[in-house]
Amino acid sequence: MEQLTDIVAVMVSVSVDGPYSYRVPAGMVVYRGSIVAVPLVGRLTLGVVWGAPKDNYAHNRLKDIAQVYEVPPLSEELLKTVDWVSRYTLAAPGLVLRSVLRSTEALDPERPLVAFRATGFEPAKMTPARLRVMDVLADGSAWTKTAIIGGSGVSASVIEGLEKAGALERIEIPAPPIVEPPDPEAAVPVLSAEQAQAMAQIREIDVSGFGVALLDGVTGGGKTEVFFEAVADTLRAGRQGLILLPEIALTHTFIERFTRRFGTRPAEWHSDMTPAQRARVWRGVLSGDVRVVLGARSALFLPFRELGIIVLDEEHDGAFKQYEGVNYHARDMAVVRAKFAEARVVLSSATPSVESRNNANVGRYSHVLLQSRFAEAAMPDITALDMREEPPEKGQWIAPRLAREVFATLDRGEQALLFLNRRGYAPLTLCNACGHQYQCPDCSAWLVEHRFRGVLMCHHCGHEQRVPKACGACGAVDSLVAVGPGIERVAEEAEARFPGARKVILSSDMGSNAQIRDRFAEIEKGEYDLIIGTQLVAKGHHFEKLTLVGVIDADLGLAHGDPRAAERTFQILTQVTGRAGRASKAGRAFLQTYHPTHPVMEAMVKGDREAFYRYELASREAGGLPPFGRLAALIVSANEHDPAFAYAKSILAAAPMADGLKLFGPADAPVAMVRGRHRVRLLAQSGKDFDLSGYVRFWLEQAPKATGNLRVQVDIDPQSFM
Ligand code: ADP
Ligand code: ZN
């Protein structure tokens with residue numbers, strides 16, 4: 001590595017456009033990637049040495065680098081990834097760097113532990129307690145005070161007495177590693193023929209080279225089993241691995257599986273950890289002591305030194321897209337980072353994103369299929385229940401046929417699941433005296449009644465108010481009526497109709513992560529007969545006794561005028577119906593729908609996922625939508641509607657001409673107000689080979705700058721169109 005001297009460019013971790021020049025004081029040794037502290041407007045800021053300065057004149061006013069941290073420099077591939085992500089998302093590079101350098105705590109050396117060991121000197125006075133301590137330390141090793149107490153059963157004062165008497169000495173020992181290194185040979189599974197074939201296909205990507213495999217297989221096909229083998233390959237090759245999961249807080253079963261396979265827990269990285277734990281993981285990743293991380297999307301920016309594989313489980317999941325700070329999609333950026341790192345990528349899903357499926361179809365990704373469930377479990381038998389022909393009774397949401405199926409399932413001593421992807425009691429509350437509809441004061445959204453908690457709540461901003469006794473508009477008492485079902489209302493109906501069944505409601509607002517984990521454990525143990533849940537139950541859980549799934553409103557996701565509505569509906573329906581019959585029992589699923597002939601419903605009923613992908617790819621291609629075209633959204637917001645709209649118009653007027661580029665808007669965004677800010681949207685659509693990021697950057701440079709409370713947010717490849 002080339003040592004840099006004199007003047008260097010330092011990328012500071014604040015929202016500025018590029019690196020600044022600093023002097024390297026005499027005696028300081030820095031390289032590209034060195035982590036430093038530099039003075040910036042009167043205070044020290046973390047930064048990274050980026051390379052030679054742009055203009056190499058000796059500037060008298062240049063400041064010195066204040067400090068270089070004693071940690072290895074960041075890897076070249078990570079620096080390149082930061083630059084790339086910044087260019088692509090239009091976020092300032094320093095802001096992207098902030099996703100890498102999260103705290104200074106991680107940069108200070110790990111504090112050693114205080115330990116004691118025997119000096120060999122025998123104290124004059126020996127009590128039985130003292131003897132027990134000397135026994136524990138007889139082999140000359142050093143133990144911490146807690147460990148000695150644990151091993152000998154004495155009190156701390158005995159140890160201190162021995163130290164004073166000269167029989168023990170105090171030394172410092174390094175803290176034990178946060179996790180033990182995983183062992184790729186700990187529990188190697190016997191793969192089925194199909195799994196072995198899948199593994200052979202992944203191994204066609206060199207273990208020290210770049211390549212992407214789409215591991216596309218039915219739920220229960222053993223995708224996890226297979227990608228663990230790919231991770232084992234990486235460990236054997238001496239490289240580090242990263243496994244990204246969409247919802248890390250609820251993945252205790254995944255951690256257990258990892259632990260069984262590799263003989264030790266993975267290091268974790270997610271928002272449920274303390275800053276101190278995160279600092280230790282960060283440091284371990286950079287030093288190379290941590291070999292595998294299991295993390296949420298932000299783990300993508302951990303400072304791996306020799307990254308050899310990135311796995312994304314449930315690669316289609318919307319949780320991989322970040323909307324705050326840097327607007328990035330972890331799946332796409334994982335592929336970018338892996339390319340720089342010359343690493344393998346495994347994208348795993350039972351319902352791959354349309355983008356990934358297309359990449360596999362055209363041969364950019366290797367398409368690895370797992371089509372049969374492990375241990376011969378059958379795919380669920382899916383029926384569309386036409387709500388126009390067999391509607392539920394008035395005031396109910398469960399159609400008679402589904403209710404009969406639930407009864408029969410409960411009779412057999414099996415579990416049933418009723419699924420509705422909507423939290424709360426009812427999505428709309430109105431006064432039946434005056435017709436007043438309860439709306440969030442700060443958002444254009446209805447307030448959702450949460451009856452258990454007695455509140456009306458906004459699902460966009462979290463605003464809450466008590467359910468009023470009298471209508472706020474006309475004063476009528478007890479006049480409020482709930483319109484439409486939420487999961488609580490389905491639970492209420494289930495309580496009335498299946499009174500004997502042991503029930504559990506699962507939705508993300510029903511308790512802490514720990515409480516929800518407990519509910520899952522109870523379900524797995526068979527403590528409930530009827531599960532009533534939102535998308536929380538759709539993923540990743542294996543319920544042995546579950547043989548019936550009823551989807552209360554299969555059309556729910558289709559209602560949005562969003563290019564990804566069909567894809568998301570197909571994904572959630574496949575996931576939730578896949579919960580049925582995972583073990584040895586065959587499962588059945590019923591979809592309550594008003595659109596039984598919609599291509600999504602037909603593909604579900606026929607169990608023909610290829611039909612869905614063909615339909616969806618064809619309609620995306622016809623519309624020039626991703627992956628056949630590119631989209632970028634500009635959301636202009638302000639405290640008032642008209643200035644936002646006028647500013648959006650002036651941005652549009654500044655748009656440079658470009659071939660094959662289409663601009664739409666300005667128009668009020670589908671959710672026109674959030675947290676009191678009015679939102680107006682511009683949309684740019686281009687062909688797939690057009691540099692849309694570059695275009696939008698150039699465009700915004702031409703456009704009038706935002707002033708006052710105006711703001712522009714750029715979202716390249718938007719996933720949601722609210
Ligand atoms: P997926 O990730 O595709 O949903 P899993 O990897 O979770 O599938 O496999 C489903 C179940 O089958 C799990 O309980 C898993 O332990 C078991 N299984 C899959 N493949 C094997 C194998 N080769 N040996 C032993 N058990 C397996
Ligand atoms: Zn709101």
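Index from 1, following the sequence. Just so it is clear, the values below take in all heavy atoms, side chains as well, and ignore hydrogens, waters and symmetry mates. Everything quoted here is computed from the prediction, not taken from an experiment. For ligands, and for the atoms within them, numbers begin at 1 and follow the listed sequence.
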Any donor-acceptor N/O pair, E567 side chain to R564 backbone, under 3.5 Å: no
Test item: E225 and S192 side chains (from C-beta on) under 4.5 Å apart, heavy atoms: no
Side-chain touch H450/Y425, heavy atoms, less than 4.5 angstrom: no
C443 atom SG and C461 atom SG as seen from the Zn ion (ligand 2), angle to 10 degrees: 110°
Geometric cation-pi criterion, R357 with Y613: 6.0 Å, 45°: yes
Ligand 1-proximal atoms of V226, by part, heavy-atom distance under 4.0 Å: neither
Atoms of ligand 1 close to Q195 [distance to a heavy atom under 4.0 angstrom, numbered from 1]: 19 (C), 20 (N), 21 (C), 22 (C), 23 (N)
T574 side chain near M604 side chain, heavy-atom distance below 4.5 Å: yes
Residue pair R203 / R344, side-chain heavy-atom distance below 4.5 Å: yes
Polar proximity ligand 1 side, V190 side, N/O cut 3.5 Å exclusive: yes
H463 N/O/S atom closer than 2.8 Å to the Zn ion (ligand 2): no
C440 N/O/S atom closer than 2.8 Å to the Zn ion (ligand 2): yes
V218 neighbourhood, listing ligand 1 atoms whose heavy-atom distance to it stays under 4.0 Å: 3 (O)
Contacts of type ring pair (Phe, Tyr, Trp, His ring centres under 6.0 Å), residue Y615, not counting sequence neighbours: none
side-chain contact (heavy atoms from CB on, under 4.5 Å), paired with I532, selected from V490, V537, L420: V490
The one among R261, E229, R260, R257 that brings a heavy atom closest to atom 7 (O) of ligand 1: R257
Those atoms of ligand 1 less than 4.0 Å from some heavy atom in G222: 1 (P), 3 (O), 5 (P), 6 (O), 8 (O), 9 (O), 19 (C)
Close N or O approach (G221, ligand 1; < 3.5 Å): yes
The Zn ion (ligand 2) reached by H459 (N, O or S, under 2.8 Å): no
Side-chain heavy atoms of I572 within contact of Q535, under 4.5 Å: yes
Mode of L370 contact toward ligand 1 - side chain, backbone, both, neither (heavy atoms, under 4.0 Å): neither
Element-labelled atoms of ligand 1 that are located less than 4.0 Å from some non-hydrogen atom of L191: 23 (N)
